[in-house]
Amino acid sequence: MAKVILPQESQLEATGVSLEELLRQQGLADEIVGALHDGELHDIRDPLPATGEVKALTITDPEALEILRHTAAHVLAQAVKRLFPGVKLAIGPAISDGFYYDFDFPEAISRDDLPRIEEEMKSIVAQDYPVERVYLPRAEAEKLLRDEGESYKLELISDIPDQEISFYKQGEFMDLCRGPHLPSTGLVKHFKLLDLAGAYWRGDSTRVMLTRIYGTAFPSAEALEEHLRWREEARRRDHRRLGPELDLYSIHNDSIGAGLVLWHPKGARVRHEIETFWKERHFAAGYQLLYTPHIGRARLWQQSGHLDFYREGMYAPMDIEGQEFYIKPMNCPFHIAIYNSRTRSYRELPIRYAELGTVYRFERSGVLHGLLRVRGFTQDDAHIICRPDQVEDEIRVVLRFALDILRTFGFTQFAAHLSTRPAKYVGVPEAWDLATDALRRAIEAEGLDYDVKEGEGAFYGPKIDIDIEDSLRRAWQLTTIQFDFNLPERFDMTYVGEDGREHRPYMIHRALLGSLERFFGILIEHYGGAFPPWLAPVQAAVLPITEEQIPYAEGVAGRLRAAGIRAEAWTRGGKTLRYLIREAQLQKIPYMLVCGAREAEAGKAALRLRTGEDLGAQDLEEIIARIRDRIERKTPEL
RNA sequence: GCCGGCGUAGCUCAGCAGGCAGAGCAGCGGUUUCGUAAACCGCAGGUCGGAGGUUCGACUCCUCUCGCCGGCUCCA
């Protein structure tokens, strides 16, 4: 007997029937749209499992969202088939915030076609077709698809082992599909088509390019509205919009080159603060700072294996006095060369080399994206070289270090991914096991949620990747901690042990922020351009009310600067206070010091915060103390 | 690289059936001296992304090209 948990906690016991059947007997069928058993979604038309607990889902259950969206994708496909005879269907799954369907249209469609597709979808929803599940014997299924000209579906079916093939049918529309689906199309009430894009059939760039239509669906109008507002907010915070608006950085594809970033004074100031903080923390944690060149001879990259395995990511060589040089795509070989520059004793280990190292990698033009995907970037790189007995501690310490630094930037939600040994690997399994265990224990010691990606480690070692969640709840992969069993071998890295013999050290690559460019882009979006005081390029704007107060305002700004606060007196003549405040707001400057005749008289300034809060006239000492405090604590509070 | 869309002043955008290229903001000059998100007047600013074609005439139509955006793909 399976136990069925219904909404409102009531329970049923049943066996040998489908959930749909069971509920119909109880007169509840309309509310339930899916079933959850062992963390897996099931169709209400499926027979209930023999034992265990089944949670019956209503359309408002978060777990049911996937079913809703999958059915929405079918409604989309049905609408498209009605409007574009001759279209072929590929695949149409639910995704994390909506759904899509890939089509092969007889002729190109454009975004302008989305509204009428949406209209047709609405009519399909209004028709409220029951969604039926149909199983066809393989031969019959193939014939059906062949007759319909559904060549993509035919290809999919050949990968399905089952003899009875599952289809779903709603009205005149029938689609090869494993399900589950809603009971009827009328339940897809709140949806919207969002985008149109190209997508290769089966993600394979050698195959045909299909047209993908993206949409989203929610159980309520409010949830849909909220999602659309969220998209709008994300658009508003786009670092590619805010970056130039706040005069932080620019990219000039035509004159300078795609994926190459110019850091303007304000962006450079933020970067400087990040780097200073980063260096201080690294010194405190026992790292040694390095600087290494931007190019190196071909033989170096030959020895490292980059030319064999990573050539397509590297720029073409340059000829210097008959020798080939390559611009560096990674810093590791240089760090190793420093390690290898003399004999190392076991007493010296662990050695922690850190570098803000600028590297250049070829990325195809289509993937470049603002600061998030560039061709030249500065990694916050480090290599930890240690003995086997130090691995466990080093990993634990580096992970804690990483989280600590990320928290300072206002990130509090983390998820870890542990990637283990792939089929093709270098090194010995014992070393892999030791390393993988150390990684796992470190994650567990920090109490992080994590998943294990079996076999997804690089061929040279297992790794941890950390995703952070930003203020819009978007995940970004930042930190990576990777073992390397390859380079120590290739460069014959050794240390002399207690036993007087040479041993091979363990080497760990790690980047905490990833790259400064990408991290900056993420920070801009995370804060919506409103940096906390310690990072804000301009921390205080001193605003004179009339030209009379210009000298006083300059004096105030000078006092603040002397106290280590980035302050500017805004002394352009003829601007009203309202104007200056609006300017400062748009620049997202945390503190505005209003200086009128009254303040000048009293040697004070009226403090206004970026939040709009007016704190009234205060002594300069008081204001300076407040701002200094926020900067020192690196808090987002004003 | 591929599919779709888009390129008009520094920025945001309007314009066109093919007939002298427009507005707001920013900039510059002046007036105003102002109390918490845009004072007022004026001036200047464009090879309409680039090249070729159709046409008496192209910002407008066609072809190519460069760039951007949304995705796909790749990421030892």
Side-chain angles (χ1 to χ4, degrees), chain A residues 95 100 102-105 107-114 194-214 235 238 240-241 244-245 247 250-255 257-258 301 304-314 329-330 332 361-370 373 422 424 426 457-461 477 480 482 484 486-487 490 509 541 543-550 572-589 592-599 605-617:
Chain A
I95 53 175
Y100 67 80
D102 285 349
F103 302 96
D104 189 352
F105 284 94
E107 51 196 80
I109 68 160
S110 81
R111 205 163 298 210
D112 301 337
D113 295 302
L114 295 184
L194 299 172
D195 254 319
L196 195 65
Y200 296 106
W201 169 231
R202 307 202 125 181
D204 182 342
S205 61
T206 64
R207 307 197 64 176
V208 61
M209 174 69 68
L210 303 170
T211 304
R212 175 170 298 180
I213 298 178
Y214 283 96
R235 202 182 61 78
D238 193 320
R240 293 168 304 175
R241 163 190 291 251
E245 240 172 60
D247 200 15
S250 60
I251 295 175
H252 307 258
N253 298 278
D254 36 2
S255 59
W301 306 108
S304 69
H306 285 93
L307 283 177
D308 289 335
F309 295 103
Y310 192 63
R311 185 175 223 122
E312 68 280 14
M314 295 172 66
M330 295 187 193
C332 348
R361 298 181 183 174
F362 171 69
E363 301 279 3
R364 286 187 288 176
S365 57
V367 308
L368 297 174
H369 183 90
R373 199 68 180 271
K424 251 189 76 181
V426 299
F459 75 86
Y460 52 85
Q477 197 225 299
T480 183
Q482 312 197 2
D484 193 324
N486 181 42
L487 292 178
R490 281 178 170 268
H509 305 264
L543 314 177
I545 292 181
T546 74
E547 285 176 13
E548 293 273 294
Q549 287 89 42
I550 286 179
R572 290 189 311 158
K575 298 296 179 193
T576 59
L577 179 62
R578 290 167 62 79
Y579 180 91
L580 294 174
I581 285 181
R582 182 179 143 87
E583 277 299 286
Q585 284 295 144
L586 292 176
Q587 290 295 310
K588 303 178 195 286
I589 294 169
M592 289 157 240
L593 279 67
V594 176
C595 298
R598 293 200 299 269
E599 286 78 11
L607 185 61
R608 179 194 157 103
L609 306 180
R610 181 169 62 195
T611 56
E613 199 178 346
D614 181 357
L615 299 179

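Labels below follow one simple rule: chain letters A, B, ... track the order of the sequence lines, proteins then strands, and each chain is numbered from 1.
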CA sep, side-chain torsions, deciding dist, call: A:Thr211, A:Asp102, side-chain contact (heavy atoms from CB on, under 4.5 Å): CA-CA 6 Å; A:Thr211 304; A:Asp102 285 349; over 6 Å; no

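One can place CG of A:Asp104 at 18 Å from P of B:C72, the figure rounded to the nearest angstrom. Protein atom CD1 of A:Ile581 is 16 Å distant from nucleotide atom P of B:C34, rounded to whole Å. In this entry the distance linking OH of A:Tyr100 with P of B:G70 reads 18 Å, nearest Å. Atom-to-atom, CZ of A:Phe105 to C1' of B:G5 comes out at 15 Å; the value is rounded to the nearest Å. A:Leu196 has its CG atom 8 Å from the P atom of B:G5, to the nearest Å. As a whole-Å value, the separation of A:Leu368 CG from B:G71 P is 15 Å. Remark: P of B:G35 and OH of A:Tyr579 are 17 Å apart, rounded to the nearest angstrom. Rounded to whole Å, the distance from CD1 on A:Ile545 to P on B:U32 is 19 Å.
The listed nucleotides are B:A76, B:A37, B:G70; the one nearest the side chain of A:Asp195 is B:G70. Distance from the side chain of A:Arg373 is smallest to B:C74 among B:U36, B:C74, B:A76. Comparing atom distances between the A:Thr576 side chain and each of B:A39, B:C68, B:U36 picks out B:A39 as nearest. Of the listed nucleotides (B:G70, B:A76, B:G35), B:G35 has the atom at the smallest distance from the side chain of A:Glu599. Closest to the side chain of A:Ala197, out of B:G71, B:G35, B:A76, is B:G71. For A:Thr211, whose side chain is taken as the heavy atoms from C-beta onward, the closest listed nucleotide among B:U33, B:U36, B:C3 is B:C3. The side chain of A:Ala258 has B:C68 as its nearest neighbour among B:A76, B:C68, B:C72.
Counting heavy atoms from C-beta on, the side chains of A:Glu363 and A:His369 never come closer than 4.5 Å. The shortest distance between side-chain heavy atoms of A:Ile95 and A:Tyr214 falls below 4.5 Å. Inter-residue side-chain proximity for A:Pro329 and A:Trp301 is flagged as met; some heavy-atom pair is nearer than 4.5 Å.
Ring-plane geometry between A:Phe105 and A:Phe103 is classed as tilted, the angle between the planes lying from 30 to 60 degrees on a 0 to 90 degree scale. Ring orientation note: the planes of A:Phe309 and A:Phe459 are tilted relative to one another, at an angle of 30° to 60°.
Residue-to-nucleotide contacts include a donor-acceptor pair under 3.5 Å from the side chain of A:Asn486 to the base of B:A76. Between the side chain of A:Glu363 and the base of B:G1, no donor-acceptor pair under 3.5 Å is found. Looking at A:Tyr200, its side chain comes within 3.5 Å of the base of B:G1 through a donor and an acceptor atom. A donor N or O paired with an acceptor N or O is found under 3.5 Å between the base of B:U33 and the side-chain atoms of A:Glu547.
Separation of the C1' atoms belonging to B:G50 and B:U31 is 44 Å when rounded to the nearest angstrom. Taking atom P on both B:G10 and B:G1, the two are 27 Å apart, rounded to the nearest angstrom. Taking the C1' atom of each, B:G24 and B:A14 are spaced 11 Å apart, rounded to whole Å. As rounded to the nearest Å, B:A9 and B:G18 have P atoms that lie 23 Å from one another. As rounded to the nearest Å, B:C16 and B:C59 have P atoms that lie 15 Å from one another. Across the C1' atoms, B:G45 and B:C11 are found 13 Å apart, a figure rounded to whole Å. The gap from the C1' atom of B:G27 to that of B:U65 amounts to 33 Å, rounded to the nearest Å. Taking atom P on both B:A58 and B:C48, the two are 11 Å apart, rounded to the nearest angstrom.
Both A:Met209 and A:Gly370 sit near RNA chain B, but only A:Met209 has its closest nucleotide nearer the 5' end. Between A:Ala199 and A:Glu548, the residue whose closest nucleotide on RNA chain B is further toward the 5' end is A:Glu548.
For the 3.5 Å distance criterion, the side chains of A:Glu548 and A:Thr546 fail to qualify, holding no donor opposite an acceptor.
The residue A:Ala584 sits apart from the nucleic acid: no heavy atom pair falls under 4.0 Å. Nucleic acid contact class of A:Tyr214 (heavy atoms, under 4.0 Å, all strands): sugar-phosphate only. Within 4.0 Å of A:Phe309, counting heavy atoms only, lies at least one base atom of the nucleic acid. Contacts of A:Arg212 with the nucleic acid, taken as non-hydrogen atoms under 4.0 Å apart, involve only primed sugar atoms and P, OP1 or OP2. Residue contacts for A:Gly203: at a heavy-atom cut-off of 4.0 Å it reaches the sugar-phosphate backbone alone, with no base atom in range. Nucleic acid contact class of A:Asp113 (heavy atoms, under 4.0 Å, all strands): none.
For A:Arg240 and B:C69, the shortest distance from a side-chain N or O to OP1 or OP2 is below 4.0 Å. Close to B:G70, at under 4.0 Å from its OP1 or OP2, lies a side-chain N or O of A:His369.
Checking side-chain atoms of A:Arg610 against main-chain N and O of A:Lys588 turns up a donor-acceptor pair under 3.5 Å.
Across all strands shown, B:C59 remains unpaired; no Watson-Crick or G-U wobble contact has both distances below 3.5 Å. Across all strands shown, B:U32 has no partner, as no Watson-Crick or G-U wobble contact with both distances under 3.5 Å is found. B:A17 is unpaired under the criterion used here, namely a Watson-Crick or G-U wobble arrangement in which both key atom distances are under 3.5 Å. Shown here, B:C43 forms a base pair with B:G27; the pair counts as Watson-Crick or G-U wobble because both key distances fall under 3.5 Å. B:A37 is unpaired under the Watson-Crick or G-U wobble criterion, no partner having all donor-acceptor distances under 3.5 Å. The pairing partner recorded for B:C68 is B:G5, the criterion being a Watson-Crick or G-U wobble arrangement whose two distances lie under 3.5 angstrom.
A side chain to side chain contact (heavy atoms under 4.5 Å, CB included) with A:Val426 holds for exactly one of A:Leu487, A:Asn486, A:Asp484; it is A:Asn486.
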